[in-house]
Amino acid sequence: MLNLEKEIKKLEKNGIEMLHFDVMDGLFVPNITYGLPVLEQVRKVTDLTLDVHLMIADPLKYARRFAEAGADIISFHVESESDTGAVIGEIISAGAKAAVAVKPGTPVEEVYPYLDRLDMVLVMTVEPGFGGQSFIPETVEKVRTLREYLDKNGMDMHIEVDGGINDVTVSDAVSAGADVLVSGSYLFRAENMADAAGKLRNPGIC
Ligand code: ZN
């Protein structure tokens, strides 16, 4: 954390396209990470797309401020205490793109009423709250269900998977229809980050 700028430059050098920024408030999830002041500093040092994932109890209260602090895309949870439609409105009117996230135990159908206003749906592939967890295979079916629903209704949007994504788990997620892959531990522990990212982009050849 004390070398955040250096680590961000490493992402840029290795061809990573987005920086996924996990915000935890100690209420929606037990853990606490970081918030607005850190995001503002990150925005100053990079042009990477900032993909902010709010794991917070009251996203309606904070969504606009995260957009103003430099978020390009803001995901928040359909399970949060805020009104989902109202949060989407806040994000879009503040100039960012909106995404809704679902925990592993939440039916993906809960996001269907909001799809026409979203750029992305985030399907959590682990329980939110901690890094370094193992991928939950059953979550892949939700990605497939959503992608089929989008195709059937002539809609196109990103499906992001977050949690336990590595060169093994990526294949199922991508073949089910995911096209935005969040990876932390796998990329940062790799000897060569660019090669590791390549294996996520071309899951067939690893
Ligand atoms: Zn996340």
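Values reported hereafter were calculated over all heavy atoms of this structure, with side chains retained and with hydrogens, waters and symmetry mates removed. Counting starts at 1 for both ligands and their atoms, following the listed order. In this chain, numbering begins with 1 at the start of the sequence shown. It should be emphasised that the depicted structure is a prediction, and the values quoted were computed from it without experimental measurement.
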Polar side chain donor-acceptor pair, S82 to D58, under 3.5 angstrom: yes
Polar protein atoms near the Zn ion (ligand 1) [N, O or S; cut-off under 2.8 Å]: H20 NE2, D22 OD1, H53 ND1, D162 OD2
Distance-only polar pair, side chains of E12 and T46, donor-acceptor under 3.5 Å: yes
Main-chain N/O of L122 paired with S75 side-chain donor or acceptor, under 3.5 Å: no
Parallel, tilted or perpendicular: rings of Y149 and Y112 (30°, 60°): parallel
Exam field: side chain E160 to backbone V182, donor-acceptor pair closer than 3.5 Å: no
Where at least one partner belongs to residues 36-56, residue pairs that pass ring pair (Phe, Tyr, Trp, His ring centres under 6.0 Å), sequence neighbours excluded: H20-H53, H53-H77
